[in-house]
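Whatever order the structure lists ligands and atoms in, that order sets their numbers, starting from 1. Nothing here was measured: the structure is a model prediction, and the numbers come from that model. What you see below is based on every heavy atom in this structure, not just the backbone, and it leaves out hydrogens, waters and symmetry mates.
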Amino acid sequence: MKLLFLACLNPKTGNHTTAERIRSYIESAGHTCELRDAREFQSPADVVNLVSEHPKFEAALAIHLFKAGRLLMDIEIPFGVIFGGTDINEDVKVEQKRVVMEQVLLKARFAVAFTDKLKEEAELFLVSQSSKIYVQPQGIQTDVTEKFCWTEFLRSSEWHCENLLNVLVIIGPKIDPVLSAEVETVVKRTAGVFLAQERCQQELHAAMKRCFAVVNSSVSEGMSAAILEAIDLGVPVLARNIPGNAAVVQHEVTGLLYSSPQEFVHQSQRLLSDHELRERVVRNGKLYVEERHGVKQERETYQRLVDTLH
Ligand SMILES: *[C@@H]1O[C@H](CO)[C@@H](O)[C@H](O)[C@H]1NC(C)=O
């Protein structure tokens, strides 16, 4: 079967990694799967044109009901969708977007939610399509082959050698130019906080593994693969207590949650001084990721679902 797969493909982002992983499952089942960036298309009509090219596409898949799924609304071939974290945590709050997502869900053959909670919320906010929505947590695979030296990281640690544990490195691609400029300004005035460019996943994992903890201070909702990867690497996670993070981090069990800057410092200090706590969250986290986020199960789910698109 020839499949079209639409997702937002900013390089070196969690979305891109998830999309590539799912594509590899589909191809390993013997299908052809063409992964395309949703931003290449202006309207559903563009996608109609694409799928009728020869040889014709026979089915489609999209990550994000709003950002990508809506582009599939006019095609005649069957499709499935995967909820993006922001669909249910953010986009659903805008009525016009919510209505579009509802239409996408009605037309899709199946939908995948990463957590039970996302599925429950989808049923609450969108038209109820319970039997269509499958829960499949993201599969997590970490790899720490280190190929490059970390000069900038080492240098920043040298600068702060007396207070090494207080260094915060912010790492990732600049996607929103306004936000990036703001971050740069703040970082320049803040001792001990550094910005680093995005890396390929292997290098990022190597960097994470050298950290005392991985912090997620996001105020905007989504679903963090980075948190799960850190947990899998045996690095404790400190995450802001928002529903997206609380869905993967259970306070004092698989990581620590905080709600204010004061609490952030407090929880970090506990993690530093309480070795038993640190070991416990690392151990529990590892088990949780193995049990709930295995790639074998994820592969089987997607291969089975894609077969329903015939
Ligand atoms: C941080 O958490 C938010 C919410 O769960 C998520 O959308 C984002 O991708 C996360 N970022 C990182 C780097 O973990």
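Counting all heavy atoms, side chain and backbone alike, Gln197 lies closest to Ile171 at O-CG1, 3.5 Å.
Between Arg270 and Glu252, at least one side-chain N (NZ, or NE/NH1/NH2) sits under 4.0 Å from a carboxylate O, which counts as a salt bridge. Taking 4.0 Å as the cut-off between side-chain N and carboxylate O, Arg304 and Glu300 do not count as a salt-bridged pair. Taking a cutoff of 4.0 Å between a charged side-chain nitrogen and a carboxylate oxygen, Arg98 and Asp91 do not qualify as a salt bridge. Under 4.0 Å is where a charged nitrogen must lie from a carboxylate oxygen, and between Glu123 and Lys119 at least one such pair does.
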Atom pairs and distances, ligand 1 N/O vs protein N/O under 3.5 Å:
unit_1   : atom_1 : unit_2 : atom_2 : d
ligand 1 : 2 (O)  : Asn216 : OD1    : 3.0
ligand 1 : 2 (O)  : Asn216 : ND2    : 2.4
ligand 1 : 2 (O)  : Asn245 : OD1    : 3.1
ligand 1 : 5 (O)  : Gly222 : O      : 3.3
ligand 1 : 5 (O)  : Asn245 : OD1    : 2.7
ligand 1 : 11 (N) : Asn216 : ND2    : 2.9
ligand 1 : 14 (O) : Asn216 : ND2    : 2.7
ligand 1 : 14 (O) : Ser224 : OG     : 2.9

Tabulate below the donor-acceptor pairs under 3.5 Å that side-chain atoms of residues 50-66 make, not counting sequence neighbours, or state none.
unit_1 : atom_1 : unit_2 : atom_2 : d
Ser52  : OG     : Val48  : O      : 3.1
Ser52  : OG     : Asn49  : O      : 3.0
Glu58  : OE1    : Lys2   : N      : 2.6

